[in-house]
2 protein chains.
Amino acid sequence: MGTKSAQTAVDPQLACPVGPVVDIVFSRWTTPILWTLHAHGRQRFVELQRRIDAITPKVLTQRLRQLERDGLVVRTYHPEVPPRVEYEISELGLSLAPLFAHLAEWADGNLDKVDRARQAYDADPAH
Amino acid sequence: MGTKSAQTAVDPQLACPVGPVVDIVFSRWTTPILWTLHAHGRQRFVELQRRIDAITPKVLTQRLRQLERDGLVVRTYHPEVPPRVEYEISELGLSLAPLFAHLAEWADGNLDKVDRARQAYDADPAH
DNA sequence: CGGAATCCAATGGGATACTG
DNA sequence: CAGTATCCCATTGGATTCCG
């Protein structure tokens, strides 16, 4: 990981100004994680793991690290026995809420059209 | 809302309502393709290929097929010699424009914060 | 509990060559 | 021109094990 993002291997800025932000917000597993944190508030590692269907601890750790580095999630470590770690959405992460709402709204009004388009496409023997 | 121990195994789609639409709109290469089609209007395969930095014909074909199947892009085949094919955004695809604008707006106001968060994170030897 | 380390399988995407 | 076909490599993610 680190400085290199897989999706930006081909500088998308020229072809698509929204490329960088898509990398940050919509890379794999980020929306389920952000959504779960937003829906259930501050919670521990295992709670997150249980709520996000069958995600492995390795992948969850990777994604949480990225989200923490990007400032969208705040990690709090409590030096106890046993150790306790809590994750929550940051203020910056919370600022994505309207965008997610917008996305959900579009989905609500148009996902059925996508479905019908697919059925029509699949029904056409020319394809 | 209360936490139910009964539904420990949560379907990822349930865990994140925006999951399906993210798959459709923000899967790999789709935003550069949609953006280019929106910026330059109806255009041919090679034009698309040239404008989207170094995308291979194979991948471009795959993505265009998916976008066509999802009803976001319209493909028009002209049986000439040599053959001519044109792609354009559909009405459904165009309905994504406000969403993209919203995304660009968020990026414009917050991408620098992400950058600073990364620098702060990388500067901390604890990480 | 909250990970880290290791190994491995699947997949996506690049390069190249070819065709109607 | 607009793809298709083939090969191949890199990255991703899953499974498992181990540790402070």
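Chain letters run A, B, ... following the sequence lines, proteins first and then strands; every chain starts at 1.
- Within the 4.5 Å cutoff, side-chain heavy atoms of B/P57 are placed close to those of B/F45.
- B/Q62 has its CD atom 14 Å from the P atom of C/dA15, to the nearest Å.
- When rounded to the nearest whole Å, the span between CD1 of A/I52 and P of C/dG2 equals 14 Å.
- Of the residues in residues 72-87 of chain B, B/P83 come within less than 4.0 Å of DNA chain C through at least one heavy atom, sorted by number.
- Taking five base pairs at each end of the helix from C/dC1-D/dG20 to C/dG20-D/dC1, the local helix axes there meet at an angle of 50°, rounded to 10°.
- No side-chain donor from either of B/R65 and B/Q62 sits under 3.5 Å from a side-chain acceptor of the other.
- For residues 31-49 of chain A, the salt bridge (charged side-chain N to carboxylate O under 4.0 Å, His left out) pairs, not counting sequence neighbours, are A/R42-A/E86, A/R42-A/E88.
- Heavy-atom neighbours of A/H102 NE2 from other residues, nucleotides or ligands within 6.0 Å: above the threshold of 12.
- Spacing between atom NE2 of B/H127 and atom C1' of C/dG3 amounts to 14 Å, rounded to whole angstrom units.
- Atom CD in A/Q49 sits about 13 Å away from atom C1' in D/dA15, given to the nearest Å.
- For B/R28 and D/dT11, the CZ to P distance is 11 Å, given to the nearest whole Å.
- Taking the six-membered ring where the residue is Trp, A/F100 and A/F26 present parallel rings, their angle staying beneath 30° rather than reaching 60°.
- Between A/E68 atom CD and C/dG2 atom C1' there is a gap of 13 Å when expressed in whole angstrom units.
- Scanning for side chain to side chain contact (heavy atoms under 4.5 Å, CB included) contacts around A/P83 gives A/Y77, with sequence neighbours left out.
- The CD atom of B/Q43 sits 14 Å away from the P atom of D/dC1 (whole-angstrom rounding).
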Kindly indicate, with the supporting measurements, whether the criterion side chain to side chain contact (heavy atoms under 4.5 Å, CB included) is fulfilled by A/S90 and A/E68.
CA-CA 9 Å; A/S90 71; A/E68 186 196 1; over 6 Å; no
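- Judged by closest nucleotide on DNA chain C, A/R44 is the one of A/R44 and B/T56 placed further toward the 5' end.
- Inter-residue side-chain proximity for B/Y87 and B/L67 is flagged as unmet; no heavy-atom pair is nearer than 4.5 Å.
- Side-chain contact annotation: B/R116 with B/Q119, donor-acceptor N/O pair under 3.5 Å absent.
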Name the pairs: protein N/O against N/O of nucleotides 4-6 of chain C, kept only if under 3.5 Å.
{"unit_1": "C/dA4", "atom_1": "OP1", "unit_2": "A/R65", "atom_2": "NH2", "d": "3.3"}

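- No continuous path of ILVMFWY side-chain contacts below 4.5 Å connects A/V85 to B/Y121, so the two sit in separate hydrophobic clusters.
- For the side chain to side chain donor-acceptor pair (under 3.5 Å) test, residues two or more places apart in sequence or in another chain that qualify with A/R118 are B/D70.
- Atom CZ of B/F45 is separated from atom P of D/dC1 by 11 Å (rounded to the nearest Å).
- When distances run from any side-chain atom of B/R63 to the nucleotides D/dG14, C/dG13, D/dA2, the shortest one goes to C/dG13.
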